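Below is one structure, written out as structure tokens, with a few remarks after it.
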Amino acid sequence: MLKTAIADFQIIFQRDPAARNWLEVLFCYPGLQALFFHRVAHWFYCLGFPFIPRLISHLARFFTGVEIHPGAKIGKGVFIDHGIGVVIGETAIVGDNALIYQGVTLGGTGKEIGKRHPTLGENVVVGAGAKVLGNIHIGNSVRIGAGSVVLRDIPSHSTVVGVPGRIVRRKDNLDASVNNESLQDPEAEVIRALFDRIQFLEEEIESLKIQRKVPVAMHASLQKAIISNASNRLITEFLDGAGI
């Protein structure tokens, strides 16, 4: 447990540029504190204590804003950034060196019995507000974009975005960070392209309407001229016939 706690502590300096000194990290990082409480609670949970693990978990949630069930299995070097609103279920498994941002839920989808929470591989990055639900497996080095909802297995070295989560990229050696500006959603791009096309067609229709109005106006003027000439000719013939 000591080696795991040291790994949790050291990983913060590698992944958070705001971490300046060990005293600040130790006392002002709720994610680190939540993990420490969880590891103690998990130890009691494995020993079969019925009440103490849940009490420790409850107190940790009160002080840190992070709720981790004592039964969850969390690897070493895990970093919960900011921490507020993070929920990790009883049968969830989090691999080594995972990065979890605020508002993340590793939860279930109903009242299933047995394994009902997700399993995260190593070096997984879960963006802020993402929901990973059900007994699914997330491969190694997977990046899950902020606000995504993942409901199915994701292969290793993939990037997932959207609701429901869609794989938008697969490659090796993904960076252990989530830059939301670089995560492209192909369906959003298609919708954007359709919108641009509709706007272009509307402009074309307006242009055709303007072109159509010009000959119509010219045709109306020509009709008036013809009628006027015909009327003048009839009047002239009538006056000549009447000898006026």
Side-chain angles (χ1 to χ4, degrees), residues 15-18 79-87 98-110 118-231:
R15 293 190 167 180
D16 188 2
F79 179 28
I80 302 177
D81 197 4
H82 299 291
I84 295 298
V86 171
V87 177
L99 173 57
I100 300 174
Y101 286 91
Q102 68 274 12
V104 168
T105 299
L106 305 181
T109 57
T119 297
L120 274 60
E122 297 181 357
N123 301 305
V124 173
V125 179
V126 188
K131 313 299 177 185
V132 186
L133 307 176
N135 182 19
I136 60 177
H137 185 271
I138 308 299
N140 298 330
S141 301
V142 170
R143 293 195 301 173
I144 300 175
S148 301
V149 178
V150 183
L151 302 173
R152 60 188 179 91
D153 293 348
I154 303 298
S156 298
H157 306 293
S158 301
T159 300
V160 181
V161 298
V163 181
R166 299 177 296 278
I167 299 173
V168 297
R169 187 183 306 165
R170 291 185 184 180
K171 71 174 185 178
D172 295 332
N173 300 324
L174 290 171
D175 295 332
S177 62
V178 173
N179 183 0
N180 293 315
E181 295 180 357
S182 67
L183 300 184
Q184 300 177 351
D185 189 340
E187 292 191 8
E189 292 180 356
V190 170
I191 294 173
R192 193 177 300 112
L194 290 174
F195 177 79
D196 294 340
R197 182 62 178 172
I198 291 172
Q199 188 175 11
F200 172 77
L201 292 175
E202 288 179 347
E203 293 176 355
E204 287 290 316
I205 292 173
E206 291 297 327
S207 176
L208 291 174
K209 286 182 179 180
I210 294 174
Q211 294 177 8
R212 185 173 178 274
K213 288 180 180 179
V214 173
V216 169
M218 293 177 60
H219 182 65
S221 300
L222 182 61
Q223 284 183 333
K224 290 180 180 179
I226 294 172
I227 293 173
S228 178
N229 291 334
S231 299

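What you see is a predicted model, and the numbers here were worked out from it, not measured in a lab.
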Backbone of [Y] reached by a side-chain donor or acceptor of [X] within 3.5 Å:
{"X": "Asn140", "Y": "Gly121", "result": "no"}
{"X": "Arg166", "Y": "Pro164", "result": "yes"}
{"X": "Lys131", "Y": "Gly103", "result": "yes"}

For the atom pair [atom1] ([X]) and [atom2] ([Y]), what is the distance rounded to the nearest 0.5 Å?
{"X": "Ile144", "Y": "Leu120", "atom1": "CD1", "atom2": "CG", "answer": "6.0 Å"}
{"X": "Thr109", "Y": "Leu151", "atom1": "OG1", "atom2": "CG", "answer": "8.0 Å"}
{"X": "Asn123", "Y": "His157", "atom1": "CG", "atom2": "NE2", "answer": "9.0 Å"}
{"X": "Ser156", "Y": "Glu122", "atom1": "OG", "atom2": "CD", "answer": "9.5 Å"}

Taking side-chain contact (heavy atoms from CB on, under 4.5 Å) as the test, write out the residues that go with [X], two or more places apart.
{"X": "Phe200", "result": "Arg197, Glu204"}
{"X": "Ala193", "result": "none"}
{"X": "Asp153", "result": "Ile136, His137"}

What pair of heavy atoms forms the shortest contact from [X] to [Y], and how long is it?
{"X": "Pro118", "Y": "Gly107", "value": "CD-O, 3.4 Å"}
{"X": "Ile138", "Y": "Arg152", "value": "CD1-O, 4.4 Å"}
{"X": "Ser148", "Y": "Gly145", "value": "OG-O, 2.9 Å"}

Is the closest side-chain heavy-atom distance between Ile167 and Pro155 below 4.5 Å?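 Contact flag for Ile167/Pro155 side chains = yes.
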Run through Val126, Val125, Ile80 and flag the one making a side chain to side chain contact (heavy atoms under 4.5 Å, CB included) with Tyr101.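 Between Tyr101 and the candidates, side chain to side chain contact (heavy atoms under 4.5 Å, CB included) is satisfied uniquely by Val125.
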